[in-house]
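Remarks on the structure that follows.
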Amino acid sequence: RLVCQLVISDNGPGVPEALKETLFFPMISGRAECTRLGLSIAQSIINQHDGLIECQSQPGQTEFVIYIPLEQSQENEL
């Protein structure tokens with residue numbers, strides 16, 4: 001399928017290793033002041049559009065890669 005790829009990156013401290021497996025779960029965050037819903041909501045919206053979000057992180061380089069289909073699947077057309 002044809003998809004749009006969106007890459008969001010930063011050069012911060014990275015995602016702690018302990019959070020990588022649960023990063024997209026609700027109420028998971030490495031910051032005390034965070035609402036802990038942002039990535040869970042983002043993943044839900046992307047999934048509703050048959051997309052995918054991935055995270056690759058190391059200190060100094062974190063990337064969130066989002067794939068959104070440019071064509072609607074036939075299941076959604078019914």
Side-chain angles (χ1 to χ4, degrees):
R1 292 182 5 190
L2 187 60
V3 298
C4 173
Q5 178 187 36
L6 175 66
V7 179
I8 302 164
S9 61
D10 73 25
N11 59 357
V15 176
E17 197 65 39
L19 292 180
K20 286 185 178 181
E21 293 296 317
T22 59
L23 190 60
F24 294 101
F25 292 0
M27 309 308 285
I28 300 297
S29 175
R31 298 181 179 183
E33 70 279 359
C34 186
T35 62
R36 301 178 177 126
L37 293 174
L39 289 175
S40 175
I41 291 171
Q43 183 181 47
S44 177
I45 292 169
I46 291 165
N47 285 343
Q48 288 174 21
H49 294 277
D50 296 324
L52 175 68
I53 183 171
E54 299 176 334
C55 177
Q56 302 163 355
S57 183
Q58 59 188 15
Q61 181 65 37
T62 297
E63 290 187 346
F64 286 89
V65 183
I66 301 169
Y67 302 93
I68 299 290
L70 294 178
E71 298 174 351
Q72 194 174 37
S73 70
Q74 290 187 5
E75 289 178 15
N76 290 340
E77 292 175 1
L78 299 176

E17: which residues meet the salt bridge (charged side-chain N to carboxylate O under 4.0 Å, His left out) condition with it, sequence neighbours left out? K20
Specify the closest pair of heavy atoms between Q43 and F24, including all atoms of both residues, with the distance to one decimal. OE1-CB, 3.3 Å
Is L52 reachable from V7 through a run of I, L, V, M, F, W or Y residues, each pair having side-chain heavy atoms under 4.5 Å apart? yes
Report whether F64 and L19 are members of the same hydrophobic cluster (ILVMFWY, side-chain heavy atoms less than 4.5 Å apart, transitive linking). yes
Could I get the full list of side-chain hydrogen bond (donor to acceptor under 3.5 Å, both in side chains) partners for E63, not counting sequence neighbours? Q61
What do you reckon, is CD of Q5 surrounded by more than 12 foreign heavy atoms closer than 6.0 Å? yes
Closest contact, heavy atoms only, V3 versus P69: CG1-CA, 3.9 Å
First locate atom CG of L39, then atom SG of C55, and finally report the distance between them rounded to the nearest 0.5 Å. 7.5 Å
If the condition is side chain to side chain contact (heavy atoms under 4.5 Å, CB included), which residues does I66 pass it with, not counting sequence neighbours? L6, I8, I46, I53, I68
